[in-house]
Amino acid sequence: MAALVARDIPSGAYVNLGIGLPTLVADHLPAGSGVVLHTENGMLNMGPAAHGADVDPDLTNAGKFPVTELPGASYFHHADSFAMMRGGHLDFCVLGGFQVSAAGDLANWHTGEPDAIPAVGGAMDLAIGARRVFVMMTLFTKAGEPKLVPRCTYPLTGLGCVDRVYTDHAILDLTPEGVLVRETFGLTIDDLANLLEVPLR
């Protein structure tokens with residue numbers, strides 16, 4: 001999934017990668033891609049994951065894992081970072097998701113379960129601030145329930161904010177005309193339609 005997201009991000013784009021699966025996208029951007037990665041904690045032009053001697057405890061991604069810096073990287077206050085997110089300065093953000101509705105609503109910070117620990121982070125700012133929102137998630141829960149749903153039942157992160165969903169079974173665009181299947185992996189569109197409760201195009 002991370003490689004597919006990296007493939008679809010154009011050169012010159014400013015991008016924020018959320019916690020979890022999205023952080024892997026940095027490792028799949030080719031050298032010289034021209035994509036500039038932004039972090040909530042105040043870094044611009046983040047590179048791929050750091051290993052061995054490249055690890056600097058002061059350089060981390062959204063998941064607090066060590067990362068590298070690319071030439072021209074810059075650092076700034078956390079508040080300035082959020083101003084970039086909220087001000088419409090990011091071309092893309094890539095977020096994880098617990099549920100996404102056919103209308104593009106996103107739920108990714110809390111399952112609503114009494115014992116679950118909520119984790120809002122900057123997802124709400126990113127969901128409404130980025131020009132385009134990609135979500136990376138498995139298409140089904142461990143219990144086999146669809147995460148692409150007619151209507152989210154978990155607390156919402158943002159309304160109508162998701163443009164595209166990358167899953168282990170398909171890439172789907174959420175459009176005003178409905179859910180458009182761009183690619184499938186191991187399943188046909190008919191197979192997907194039988195497993196989901198949302199109409200597919």
Side-chain angles (χ1 to χ4, degrees), residues 1-2 5-6 8-26 29 33-49 58-70 72-112 116-137 147-148 151-166 172-176:
M1 283 188 278
V5 174
D8 292 342
I9 296 175
S11 178
Y14 286 80
V15 183
N16 182 286
L17 304 177
I19 294 172
L21 291 174
T23 61
L24 301 176
V25 173
L29 291 168
S33 69
V35 173
V36 179
L37 296 180
H38 163 278
T39 70
E40 292 170 32
N41 55 357
M43 183 178 179
L44 203 59
N45 219 17
M46 178 185 79
D58 290 328
L59 303 182
T60 61
N61 62 20
K64 308 306 180 198
F65 292 103
V67 294
T68 54
E69 59 181 0
L70 298 180
S74 61
Y75 307 95
F76 33 86
H77 193 279
H78 197 241
D80 293 327
S81 180
F82 270 74
M84 294 177 192
M85 292 155 55
R86 295 169 180 164
H89 303 288
L90 296 175
D91 298 301
F92 296 85
C93 73
V94 186
L95 299 171
F98 294 142
Q99 287 180 332
V100 174
S101 79
D105 302 335
L106 172 64
N108 80 340
W109 67 279
H110 195 15
T111 61
I117 301 172
V120 177
M124 292 181 178
D125 304 88
L126 289 164
I128 64 165
R131 294 187 178 104
R132 298 197 70 197
V133 176
F134 289 171
V135 169
M136 288 176 65
M137 65 182 189
K147 293 184 181 181
L148 181 65
R151 180 177 176 275
C152 293
T153 55
Y154 295 157
L156 291 177
T157 305
L159 289 169
C161 58
V162 179
D163 298 288
R164 184 176 294 170
V165 180
Y166 290 79
L172 308 123
D173 279 348
L174 307 185
T175 75

How about Arg151: does its CZ atom have over 12 heavy atoms from other parts shown lying under 6.0 Å from it? no
How would you list, by chain and number, every residue that makes a salt bridge (charged side-chain N to carboxylate O under 4.0 Å, His left out) with Arg132, sequence neighbours excluded? none
Minimal non-hydrogen separation, Ala26 against Gly47, with atom names: CB-O, 3.9 Å
Where the side chain of Asp173 meets the backbone of Thr175, is there a donor-acceptor pair that is under 3.5 Å apart? no
What pairs with Ala62 under side-chain contact (heavy atoms from CB on, under 4.5 Å), at least two apart in sequence or on another chain? Ile19
Does any part of the side chain of Leu126, heavy atoms only, come nearer than 4.5 Å to the side chain of Val133, both counted from C-beta? no
Any side-chain heavy atom of Val25 sitting closer than 4.5 Å to one from Met136? yes
Is the backbone N or O of Ser33 less than 3.5 Å from a side-chain atom of Ser11, with the two atoms forming a donor-acceptor pair by type? yes
Shortest non-hydrogen contact from Pro155 to Ala107? O-CB, 3.4 Å
Heavy-atom pair of closest approach, residues Cys152 and Ser101: SG-N, 3.6 Å
Could you point out which residue of Leu148, Asp105, Leu106 forms a side chain to side chain contact (heavy atoms under 4.5 Å, CB included) with Val162? Leu106
Is it the case that more than 12 heavy atoms not belonging to Phe76 sit under 6.0 Å from its CZ atom? yes
What is the distance from atom CG of Asp163 to atom CG of Leu174, rounded to the nearest 0.5 Å? 7.5 Å
Check whether any side-chain heavy atom of Tyr166 lies under 4.5 Å from a side-chain heavy atom of Asp8, and answer yes or no. yes
Say you draw a straight line from CG of Leu24 to CZ of Phe65; how long is it, rounded to the nearest 0.5 Å? 9.5 Å
Atom CG of Leu21 and atom CE of Met137: how far apart are they, to the nearest 0.5 Å? 11.0 Å
Between the main-chain N or O of Phe98 and the side-chain N or O of Asn108, is there a donor-acceptor pair closer than 3.5 Å? no
Start with the C-alpha distance between Asn41 and Thr39, add both sets of side-chain angles, then the distance that settles side chain to side chain donor-acceptor pair (under 3.5 Å), and finish with yes or no. CA-CA 5 Å; Asn41 55 357; Thr39 70; 2.5 Å; yes
Beyond-backbone contact of Leu17 with Met46, side-chain heavy atoms, under 4.5 angstrom: yes
At what distance, to the nearest 0.5 angstrom, does OH of Tyr75 lie from CG of Leu44? 10.5 Å
Going through the checks in order, is the side chain to side chain contact (heavy atoms under 4.5 Å, CB included) test met by Tyr154 and His110? CA-CA 7 Å; Tyr154 295 157; His110 195 15; over 6 Å; no
Identify the heavy atoms of Leu90 and Val15 that sit nearest to each other, and give their distance. CD2-N, 4.5 Å
So, do Pro22 and Phe134 sit near enough that their side-chain heavy atoms are less than 4.5 Å apart? no
Hey, could you give me the NE2/CE distance between His38 and Met43, rounded to the nearest 0.5 Å? 11.5 Å
With rounding to the nearest 0.5 angstrom, report the CG to OG1 distance, Asp125 to Thr157. 11.0 Å
Kindly give the heavy-atom pair with the smallest separation between Thr23 and Gly20, and that separation in Å. OG1-O, 2.8 Å
Would you check if the side chain of Asp91 reaches a backbone N or O of Tyr14 as a donor-acceptor pair within less than 3.5 Å? yes
Would you find a donor on one side and an acceptor on the other, under 3.5 Å apart, between the side chain of Glu69 and the backbone of Leu59? no
